[in-house]
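Down below is the structure, laid out as structure tokens.
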Amino acid sequence: MSEYQNLLTESLLATNHVQDCAILKLKSASVLTASKGFRLEPQETQALLNAFKQPGNIREDGLYFKNINYKCVRADKNSVYGKYNDKGLVMVKTGSYIICATYTKGMYPSVCVEAVEKFGDYFKAKGK
């Protein structure tokens with residue numbers, strides 16, 4: 001298991017309030033690592049990256065991801081949050097990466113958000 005895979009497991013999945021998660025590379029628009037079974041197609045990865053380039057569009061139209069149109073709860077240059085019924089999407093941008101996580105029914109959105117934001121802060125502190 002890679003260092004980044006371990007970080008995902010220990011920092012996000014261990015909270016039990018993150019269903020799936022991934023680290024995306026900004027420069028190459030590719031997946032660095034993802035939780036087991038969480039596959040991102042290239043067009044999905046690009047849509048997540050574009051959310052930070054056009055936050056106004058996301059706030060207005062929402063974000064279509066994994067066959068769900070998430071309503072925007074927050075969209076700015078650092079974070080994008082989306083919600084659809086009892087599911088949610090949380091993304092945080094650092095200098096080199098986007099950390100993406102989902103939650104579902106029975107999970108606390110606030111715990112997911114806090115874990116992803118702290119994970120993002122970790123990378124920002126490292127200059128990544």
Side-chain angles (χ1 to χ4, degrees):
M1 199 181 282
S2 77
E3 171 191 358
Y4 291 104
Q5 186 71 43
N6 284 337
L7 285 170
L8 280 182
T9 301
E10 294 169 9
S11 300
L12 300 180
L13 295 174
T15 67
N16 294 319
H17 294 280
V18 172
Q19 180 182 29
D20 293 305
C21 51
I23 301 173
L24 313 176
K25 292 190 236 176
L26 283 172
K27 285 188 179 180
S28 62
S30 62
V31 177
L32 176 64
T33 191
S35 57
K36 188 175 180 176
F38 189 48
R39 289 190 34 88
L40 295 167
E41 299 299 325
Q43 66 272 18
E44 292 172 327
T45 302
Q46 193 60 53
L48 297 178
L49 295 175
N50 288 343
F52 288 94
K53 294 177 185 173
Q54 303 165 331
N57 290 351
I58 299 302
R59 283 191 292 269
E60 190 173 309
D61 301 330
L63 177 63
Y64 191 75
F65 178 69
K66 295 285 183 194
N67 299 318
I68 296 172
N69 192 30
Y70 289 91
K71 178 184 173 193
C72 178
V73 177
R74 175 182 179 167
D76 59 38
K77 65 180 183 164
N78 299 310
S79 304
V80 174
Y81 306 163
K83 185 160 177 48
Y84 178 81
N85 294 333
D86 55 4
K87 297 179 183 212
L89 172 66
V90 178
M91 296 187 298
V92 171
K93 181 179 169 189
T94 70
S96 302
Y97 306 118
I98 291 177
I99 294 96
C100 168
T102 63
Y103 62 86
T104 191
K105 186 177 184 174
M107 295 179 175
Y108 292 125
S110 60
V111 175
C112 182
V113 166
E114 181 179 11
V116 176
E117 290 285 354
K118 283 185 177 181
F119 197 48
D121 289 345
Y122 167 81
F123 280 118
K124 290 174 189 174
K126 297 246 180 234
K128 295 182 180 187

* Any donor-acceptor pair under 3.5 Å from N85 side chain to K87 backbone -> no

* To do: Could you pull out the closest heavy-atom pair between V116 and A101, with the gap in Å?
  => CG2-CB, 3.5 Å

* Has the side chain of T45 got a donor or acceptor atom that lies under 3.5 Å from a matching backbone atom of E41? -> yes

* Look at the side-chain heavy atoms of Ile, Leu, Val, Met, Phe, Trp and Tyr, link any pair under 4.5 Å apart, and say whether V31 and V18 land in one connected group. => no

* Candidate pair K126 and Y122, rule side-chain contact (heavy atoms from CB on, under 4.5 Å), full reasoning -> CA-CA 6 Å; K126 297 246 180 234; Y122 167 81; 3.2 Å; yes

* To do: Specify the closest pair of heavy atoms between L26 and T94, including all atoms of both residues, with the distance to one decimal.
  => CD1-O, 3.4 Å

Donor-acceptor pairs are to be reported for all side-chain atoms of residues 33-40 against protein atoms at under 3.5 Å, with residues two or more places apart or in another chain.
| from | atom 1 | to | atom 2 | distance (Å) |
| --- | --- | --- | --- | --- |
| T33 | OG1 | Q5 | OE1 | 2.5 |
| S35 | OG | C21 | N | 3.0 |
| S35 | OG | C21 | O | 3.3 |

* Under 3.5 Å: donor-acceptor pair, side chain of S30, backbone of K25 -> no

* Any chance NZ of K83 has more than 12 other-residue heavy atoms, nucleotides or ligands included, within less than 6.0 Å? -> yes

* Structure fact -> Rounded to the nearest 0.5 Å, the CZ atom of F65 sits from the CD atom of Q43 at a distance of 10.5 Å

* Do you reckon Y81 sits in the same ILVMFWY cluster as M91, going by side-chain contacts under 4.5 Å, direct or chained? -> no

* Structure fact -> Nearest heavy-atom approach of G82 to Y103 is O-OH, 4.3 Å

* Asked: Does the side-chain contact (heavy atoms from CB on, under 4.5 Å) test come out yes or no for I23 and F119, once each step is laid out?
  -> CA-CA 10 Å; I23 301 173; F119 197 48; 3.9 Å; yes

* **In one Ile/Leu/Val/Met/Phe/Trp/Tyr side-chain cluster, 4.5 Å: L89, M107** => no

* **Which atom of A47 lies closest to which atom of L63, heavy atoms considered** => O-CD1, 4.0 Å

* Is it possible for you to say whether L48 and V90 belong to one hydrophobic cluster, with membership spreading through side-chain heavy-atom contacts below 4.5 Å? => no

* ring-ring contact (aromatic ring centres under 6.0 Å, His included) partners of Y97, counting only residues at least two apart -> Y4, F123

* Partners passing ring-ring contact (aromatic ring centres under 6.0 Å, His included) against Y84 (at least two apart in sequence or in another chain) -> none

* Quick one: CD on Q46 to NZ on K53, what's the gap to the nearest 0.5 Å? -> 5.5 Å

* Can you name the one residue among L7, L32, L12 that meets side-chain contact (heavy atoms from CB on, under 4.5 Å) with I99? -> L12

* Intermediate values then yes/no, side-chain contact (heavy atoms from CB on, under 4.5 Å), Q54 and D61 -> CA-CA 11 Å; Q54 303 165 331; D61 301 330; over 6 Å; no

* Same cluster (ILVMFWY, side-chain, under 4.5 Å), L13 and I98 -> no

* Structure fact -> When rounded to the nearest 0.5 Å, the distance separating CD of E44 from NZ of K66 is 4.0 Å

* Distance in Å, S79 OG paired with E117 CD, rounded so as to fall on 0.5 Å steps -> 3.5 Å

* **D20 and its side-chain contact (heavy atoms from CB on, under 4.5 Å) partner, picked from L8, T104, T102** => T102

